[in-house]
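Taking it in order: structure first as C-alpha cells, then the write-up.
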Amino acid sequence: MVRMLAEMTLGDFSARIGEAFRIALPDGPIELTLVEAEGIGRKDHAGPRRAPFSLVFRGPMKPALVQRTWPLEHVAFGVLDVFLVPIGPDASGMRYEAVFN
C-alpha cells in the first residue's frame, strides 16, 4: 500500500538509494537517481512528528530543473509531489535536494 508523502520517513527512502525516479516533461521524461538519504538534526528524535531528513537526487546536466515542486514517479511509491532544489553539479550530473521535516 502506498503511503502519503507526509507519512513517509527516512527509512522508506534509504532502502531506495540507487533507484530511479522519473519526472514527465513536455519533451519526454527524465530520470533522477536517489544517491543520498540522511537524517537531519538529533539522532534520538522523539515526538509526534517524523524525524527530519534530506534526500539528494542526481539527474542529467540538461535539462536542468528549476527549484519547485516536481511530480516524482517511483515504481514502489507511485507519484510523489516533491519540492526539489538544485544544489549543483558533480562529476556525474546535476544534483537536487529535498528536505522533509
note = Those residues at least two apart in sequence (or on a different chain) that pass salt bridge (Lys or Arg N to Asp or Glu O under 4.0 Å) with Glu73 are none
query = Relative to the ring of Phe13, is the ring of Phe53 parallel (under 30°), tilted (30 to 60°) or perpendicular (over 60°)?
reply = tilted
task = Take Phe100 and Val82, measure what side-chain contact (heavy atoms from CB on, under 4.5 Å) needs, and give me the verdict at the end.
result = CA-CA 9 Å; Phe100 300 84; Val82 176; 4.1 Å; yes
task = Kindly determine whether Ile23 and Leu72 satisfy side-chain contact (heavy atoms from CB on, under 4.5 Å), including the steps that lead there.
result = CA-CA 5 Å; Ile23 298 176; Leu72 292 180; 3.3 Å; yes
key: Common cluster, Leu84/Val79, ILVMFWY with side-chain heavy-atom separation under 4.5 Å   = no
key: Ala76 versus Arg16, closest heavy-atom pair with distance   = CB-NH2, 3.3 Å
ask   = Got a sec, which pairs hit side-chain hydrogen bond (donor to acceptor under 3.5 Å, both in side chains) with one end in residues 57-67, sequence neighbours left out?
value = Arg58-Asp90
task = Keeping to residues at least two apart or across chains, list the side-chain hydrogen bond (donor to acceptor under 3.5 Å, both in side chains) pairs with something in residues 75-86.
result = none
inquiry  = Apply the hydrophobic cluster definition, ILVMFWY joined by side-chain contacts under 4.5 Å directly or through others, and give me every member besides Ile87.
reply    = Val35, Val56
key: Partners passing side chain to side chain contact (heavy atoms under 4.5 Å, CB included) against Val66 (at least two apart in sequence or in another chain)   = Arg68, Trp70
Ile17 versus Ala37, closest heavy-atom pair with distance = CD1-N, 3.9 Å
note = Output for pair (Leu32 CG, Tyr96 OH), nearest 0.5 Å, gives 7.0 Å
remark   = With sequence neighbours left out, the residues meeting salt bridge (Lys or Arg N to Asp or Glu O under 4.0 Å) with Arg95 are none
task = Evaluate the side-chain proximity of Asn101 to Ile40: yes if any heavy-atom separation is below 4.5 Å, no if none is.
result = no
query = Can you name the ring-ring contact (aromatic ring centres under 6.0 Å, His included) partners of Phe57, sequence neighbours left out?
reply = Phe21
message = Can you confirm whether Arg22 is buried at CZ, in the sense that more than 12 heavy atoms of other residues, nucleotides or ligands lie under 6.0 Å from that atom?
response = no
note = Connected to Val75, directly or through other members, by ILVMFWY side-chain contacts below 4.5 Å are none
request  = Mind jotting down which residue pairs meet the side-chain hydrogen bond (donor to acceptor under 3.5 Å, both in side chains) criterion with at least one end in residues 23-36? Sequence neighbours excluded, please.
outcome  = none
request  = Compare every heavy atom of Met61 with every heavy atom of Pro89, then report the nearest pair and how far apart it is.
outcome  = CB-CE, 3.5 Å
ask   = With a 4.5 Å limit on heavy-atom distance, are the side chains of Met8 and Leu80 in contact?
value = yes
